[in-house]
Q: 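What follows is a single structure, and I will ask about it in a moment.
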Amino acid sequence: EHHLQRAISAQQVYGEKRDNMVIPVPEAESNIAYYESIYPGEFKMPKQLIHIQPFSLDAEQPDYDLDSEDEVFVNKLKKRMDISPLQFEEMIDRLEKGSGQQPVSLQEAKLLLKEDDELIREVYEYWIKKRKNCRGPSLIPAVKQEKRDGSSTNDPYVAFRRRTEKMQTRKNRKNDEASYEKMLKLRRDLSRAVTILEMIKRREKSKRELLHLTLEIIEKR
């Protein structure tokens, strides 16, 4: 978009097309050596393209996707612990969504995740190292949106800009902008409540285990 704006500005100033008014386009490559390893020619058309399960809901997939570095780490970790790529994605997704500007601590990560402590420690240390090397605020890419204070007005990479004037809706409709923001806030509050209840459940379970261990120690004595 920067190149496009520069080309439009140059055309407005000089009034004609110049040599520097070029919008770069990536070149297409051919004869790639690793194409067959990525796209093997073993595809067969299935009998049914869309499968519908009417009485069961599909599990929600995590927003985080593995990259090549993650695959190397998971394969290395598989030799010592029981972990799958989907399980790793879910763990990283929970850590990212549980963190704000500052990442969660190891104790908070143990409350967010339900795996063994040793596995949590390995994944947490890997996640902290990768988050420090990440240029952005999060490992999960998100669409850049306009800020409410108007500081990102001239940023060409901002998507879904707000209207300069309030959106006019039909009077007989109730799904206006204010109601939509209230529903988003309600969903965020409910998600936080579920997280808090999971933490409380883990805390009470630890308390119960501590009580049983204390009784066992007293009986042994």
Side-chain angles (χ1 to χ4, degrees), residues 1 25-99 109 111-116 119-120 122-124 126-127 130-131 134 136-145 157-161 167 169-170 172-177 179-199 201-202:
E1 189 166 343
V25 178
E27 297 181 359
E29 298 181 4
S30 60
N31 299 326
I32 302 175
Y34 53 86
Y35 182 84
E36 296 294 336
S37 61
I38 299 177
Y39 302 103
E42 300 174 355
F43 176 77
K44 294 182 180 180
M45 182 66 71
K47 296 181 180 179
Q48 186 177 2
L49 295 178
I50 301 175
H51 297 269
I52 300 176
Q53 300 291 338
F55 299 108
S56 63
L57 296 176
D58 293 335
E60 185 176 358
Q61 296 295 325
D63 295 331
Y64 181 79
D65 293 323
L66 264 77
D67 55 16
S68 300
E69 185 180 357
D70 296 336
E71 289 181 358
V72 173
F73 173 76
V74 172
N75 292 332
K76 185 177 179 181
L77 197 61
K78 274 183 179 180
K79 299 177 181 178
R80 297 185 290 111
M81 300 178 186
D82 186 14
I83 185 173
S84 63
L86 180 59
Q87 184 181 0
F88 177 80
E89 288 179 347
E90 291 175 350
M91 293 175 70
I92 298 294
D93 186 73
R94 281 177 171 268
L95 291 174
E96 282 294 327
K97 292 180 179 178
S99 303
L111 296 175
L112 287 173
L113 306 176
K114 301 178 181 178
E115 282 76 15
D116 297 335
L119 177 59
I120 293 174
E122 292 282 347
V123 175
Y124 177 80
Y126 172 81
W127 169 70
K130 187 169 184 178
R131 189 180 173 93
C134 178
S138 175
L139 296 179
I140 301 176
V143 178
K144 194 172 183 180
Q145 297 184 358
Y157 295 103
V158 171
F160 306 112
R161 301 179 183 272
M167 182 175 56
T169 57
R170 296 180 185 178
N172 59 345
R173 287 188 175 182
K174 299 297 181 182
N175 55 344
D176 55 355
E177 186 177 357
S179 300
Y180 177 68
E181 291 181 354
K182 289 180 181 178
M183 292 300 296
L184 288 179
K185 185 177 182 298
L186 179 61
R187 179 181 178 182
R188 184 172 63 251
D189 293 342
L190 289 174
S191 177
R192 289 178 179 176
V194 170
T195 304
I196 291 172
L197 288 174
E198 289 181 356
M199 292 181 177
K201 180 181 177 182
R202 191 178 182 112

Q: Could you please spell out the steps behind the side chain to side chain contact (heavy atoms under 4.5 Å, CB included) verdict for L119 and L113?
A: CA-CA 10 Å; L119 177 59; L113 306 176; over 6 Å; no

Q: Is there any side chain to side chain donor-acceptor pair (under 3.5 Å) pair reaching into residues 65-76, and which pairs are they, with sequence neighbours excluded?
A: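 Listed by first then second residue: Y64-D70, D67-K130, D70-Y126, D70-K130.
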
Q: Using a 6.0 Å cut-off, check whether atom CD of Q48 has over 12 heavy atoms from anything other than its own residue.
A: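 Check passes, neighbour count above 12.
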
Q: Could you give the distance from CD1 (I140) to CG (D93), rounded to the nearest 0.5 Å?
A: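 Here the interatomic distance stands at 4.5 Å.
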
Q: Hey, can you pull the donor-acceptor pairs under 3.5 Å for the side chains in residues 78-90, sequence neighbours left out?
A:
{"residue": "S84", "atom": "OG", "partner": "Q87", "partner atom": "N", "Å": "3.2"}
{"residue": "Q87", "atom": "NE2", "partner": "E115", "partner atom": "OE2", "Å": "3.4"}
{"residue": "E89", "atom": "OE2", "partner": "L66", "partner atom": "N", "Å": "3.2"}

Q: Show the nearest heavy-atom pair for residues L139 and C134, with the distance to one decimal.
A: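 Heavy atoms of L139 and C134 come nearest at CD2-CB, 3.6 Å.
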
Q: How long is the span from the CD atom in E29 to the CG atom in N31, to the nearest 0.5 Å?
A: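 Result: 10.5 Å between the selected atoms.
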
Q: Applying salt bridge (charged side-chain N to carboxylate O under 4.0 Å, His left out), which residue pairs with at least one partner in residues 35-44 are found, sequence neighbours left out?
A: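 Not a single pair qualifies under salt bridge (charged side-chain N to carboxylate O under 4.0 Å, His left out).
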
Q: Run M91 and Y124 through side chain to side chain contact (heavy atoms under 4.5 Å, CB included) and show every step you take.
A: CA-CA 9 Å; M91 293 175 70; Y124 177 80; over 6 Å; no

Q: Measure the CD-CZ distance between E96 and R131 for me, rounded to the nearest 0.5 Å.
A: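 Going from CD on E96 over to CZ on R131, the span is 4.5 Å.
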
Q: Output all residues satisfying ring pair (Phe, Tyr, Trp, His ring centres under 6.0 Å) with Y34, sequence neighbours left out; order by chain, then residue number.
A: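 None.
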
Q: Give every donor-acceptor pair under 3.5 Å between a side-chain atom in residues 188-198 and any protein atom, sequence neighbours left out.
A:
{"residue": "D189", "atom": "OD2", "partner": "K185", "partner atom": "NZ", "Å": "3.2"}
{"residue": "T195", "atom": "OG1", "partner": "S191", "partner atom": "O", "Å": "3.0"}
{"residue": "E198", "atom": "OE1", "partner": "R94", "partner atom": "NH1", "Å": "3.4"}

Q: Run the side-chain hydrogen bond (donor to acceptor under 3.5 Å, both in side chains) test against D63 and tell me which residues pass, sequence neighbours left out.
A: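 For D63, the residues satisfying side-chain hydrogen bond (donor to acceptor under 3.5 Å, both in side chains) (neighbours in sequence not counted) are K97.
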
